[in-house]
Amino acid sequence: MAAHNQASAKRQKTREPRQDIVDYFQGIDKIEYNKMASPSESTNYRYYNSSERIHSRSMEEWLKFSISLREFRNNGSDAHGRSTYSRAWDDKTDSIDNHKRCIKALFDLCSKLGIKYWSAFDSDLIPYSESWEENKSHFDDIVEYIQELTQRYHVKLLWIAPDLHSHPRYVSGALTSNDASVFIQAATQIKKCLEVAQRLNAECFLLWPYREGYHALFQTDVAREIKLFAKMLKLTADYKERLNYRCQLLIMPYNNIYHSRNSYGNCQHSLQCERDLIHTYMWDVTSCLYLLKNYNLDRYYKIFVPPGLHMPMANVYNMLGGVTMTNNEDHYDSKLLTLMMKCIVDQGTTPAGGINLMLYPRRDSDLRELTTTYVKYIDAVAKALRLACSIISDQIISKHLQQRYSTYYSGFGSRLVGSDITMEECEEYYKKNQCPHGELMSKHEHLDVVFQRHLDACDHI
């Protein structure tokens with residue numbers, strides 16, 4: 001008996017360390033802010049200082065970054081090449097244990113970067129099974145595991161989205177499928193995903209209608225499909241209310257974020273991309289806004305958009321819900337990113353969905369290069385925030401806008417904006433006041449120089 005006990009004790013000593021306490025980014029230090037970092041010190045932030053207050057808020061509040069699990073799990077394959085990555089956490093199986101290791105590795109990366117949020121599609125969390133009961137069991141298991149990681153790392157789930165595009169059943173759409181059984185399955189998947197989101201205290205819930213569109217008009221009942229689309233959006237909002245789940249519903253227009261250029265530099269023909277967009281029901285912010293408004297859904301949803309023209313358009317209608325950044329956005333493009341951050345600062349608060357980093361690392365990147373991919377984008381956006389706040393504080397552009405539209409601030413011009421008027425009143429005013437119009441110069445070149453000089457002076461901010 002004694003010998004048996006001793007042998008057992010020896011076996012306990014030789015156990016492998018638990019995988020959930022392994023630091024998958026061991027050897028990489030936590031990324032710190034150092035504004036004096038040399039050009040070669042790529043593992044320091046030169047502009048992102050999370051606790052620094054700027055324009056009455058901390059940078060961490062303005063820059064509500066989250067890292068996408070979907071892109072983090074990319075294996076380095078592309079249209080013309082096989083997997084190139086060999087990650088310690090990923091054995092490339094579709095097991096629940098492998099999903100757990102990948103999520104744990106993401107939390108390790110967030111910890112190194114100082115990022116407080118992550119995001120995911122439901123299919124990123126568990127292995128897919130045709131058995132609904134098995135999927136339910138896997139979700140229970142993974143939710144408990146994520147809750148433990150959340151308490152340990154203090155990294156929260158910002159948003160989760162049902163994957164309504166990967167499975168073959170969704171080849172002709174999920175919300176607008178011609179097959180009622182597919183619509184029913186999509187609704188069931190959204191229901192479960194909402195329940196998981198609530199259990200994980202996700203702040204937002206995203207729908208991405210990636211495959212909602214048509215191939216040819218002669219085989220499509222477009223009116224019926226649009227109604228089905230709106231019906232599913234309403235069902236989702238209603239179920240969220242019945243759950244008493246307080247989160248922001250988000251919807252991401254198609255906006256071609258994955259088709260213009262991927263992280264490996266492969267380009268598709270622009271006409272092919274344009275044709276794909278034309279056949280998509282929600283291909284830009286305007287079409288998205290119109291569908292939401294037409295079916296009285298704009299009170300439930302806000303829009304998730306990439307940097308660029310989409311942002312101010314969403315902002316005008318108070319519908320900006322979040323920003324998604326991919327490798328398609330050039331981190332050297334300070335002008336684009338500064339306008340992006342100015343749009344966010346102008347609305348007074350960061351959008352609920354924050355800034356989601358959906359970044360693919362290069363196919364030849366190791367862990368340090370993977371980390372640097374995120375560092376360069378985080379720092380580029382932080383630099384843009386500093387520039388945007390500098391431009392706003394300078395007030396040259398805001399004063400020019402007030403002057404340019406000054407005729408709408410007083411007299412009859414103010415009535416055009418603030419009250420109801422008729423065509424007859426406009427005609428009567430014109431007859432009595434036939435005076436030459438004021439200065440029409442936009443001062444574009446002057447303001448362009450002002451803007452560029454702010455960009456040039458970034459290192460002095």
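FYI, side chains are in, hydrogens and waters are out, and symmetry mates aren't considered; it's all heavy atoms of this structure. Count residues from 1 along the sequence.
Salt-bridge formation is detected for the pair D23/K112: a Lys NZ or Arg NE/NH1/NH2 atom is positioned less than 4.0 Å from an Asp or Glu carboxylate oxygen. Look at D108 and K104 and you find a salt bridge, because one of the NZ, NE, NH1 or NH2 atoms lies within 4.0 Å of a carboxylate O, short of that distance. Checked for salt-bridge contact, K92 and D90 miss the test: no charged N lies under 4.0 Å from a carboxylate O. A salt bridge links R386 with E52; the closest basic N to acidic carboxylate O contact falls under 4.0 Å. A salt bridge does not link K136 to E195: none of the charged nitrogens lies less than 4.0 Å from a carboxylate oxygen. Between R46 and D379, no side-chain nitrogen of the basic residue sits less than 4.0 Å from a carboxylate oxygen of the acidic one, so the salt-bridge criterion is not met.
Residues meeting the salt bridge (charged side-chain N to carboxylate O under 4.0 Å, His left out) test with K116, sequence neighbours left out: E60. Residues meeting the salt bridge (charged side-chain N to carboxylate O under 4.0 Å, His left out) test with D141, sequence neighbours left out: K100. Under the rule for a salt bridge (charged side-chain N to carboxylate O under 4.0 Å, His left out), the partners of R224 that lie at least two apart in sequence or sit in another chain are D221. The ring pair (Phe, Tyr, Trp, His ring centres under 6.0 Å) search around W62 returns none, not counting sequence neighbours. Scanning for side chain to side chain donor-acceptor pair (under 3.5 Å) contacts around N294 gives an empty result, with sequence neighbours left out. With sequence neighbours left out, K342 forms a salt bridge (charged side-chain N to carboxylate O under 4.0 Å, His left out) with D346.
The shortest heavy-atom contact between V196 and F139 is CG2-CD2, 3.7 Å. Considering all non-hydrogen atoms of both residues, M340 and P307 come closest at SD-CG, 3.5 Å.
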The test is side-chain hydrogen bond (donor to acceptor under 3.5 Å, both in side chains); show your working for D91 and T93 and say whether it passes. CA-CA 6 Å; D91 63 10; T93 65; 2.6 Å; yes
Assess the residue pair N356 and S66 against the criterion (side-chain hydrogen bond (donor to acceptor under 3.5 Å, both in side chains)); give the C-alpha distance rounded to whole Å, side-chain angles, the decisive distance to 0.1 Å, and a yes or no. CA-CA 5 Å; N356 187 230; S66 64; 2.7 Å; yes
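Ring pair Y377/H331: centre-to-centre distance below 6.0 Å. Between Y153 and W118, the gap from one ring centroid to the other reaches at least 6.0 Å.
Here the side chain of K30 pairs a donor or acceptor atom with the backbone of S111 at under 3.5 angstrom. Judged by distance alone, the side chain of D163 and the main-chain N or O of F121 form no donor-acceptor pair under 3.5 Å.
Under the 4.5 Å side-chain criterion, counting only non-hydrogen atoms from C-beta, H165 is not in contact with Y170.
The structure places CE of M325 at 10.5 Å from CD1 of I378, a figure rounded to the nearest 0.5 Å.
Side-chain contact, R169 with S181: no donor N or O sits under 3.5 Å from an acceptor N or O. No hydrogens or angles considered: nothing links the side chains of N98 and S95 as a donor-acceptor pair under 3.5 Å. No hydrogens or angles considered: nothing links the side chains of D179 and S177 as a donor-acceptor pair under 3.5 Å. With hydrogens and angles left out, the side-chain atoms of E369 and T372 include no donor and acceptor closer than 3.5 Å.
Within the cation-pi definition used here (under 6.0 Å to the ring centroid, within 45° of the axis), R242 does not qualify as a partner of Y239. Both the sub-6.0 Å distance and the 45° axial angle are not jointly satisfied by K234 relative to the ring of Y295.
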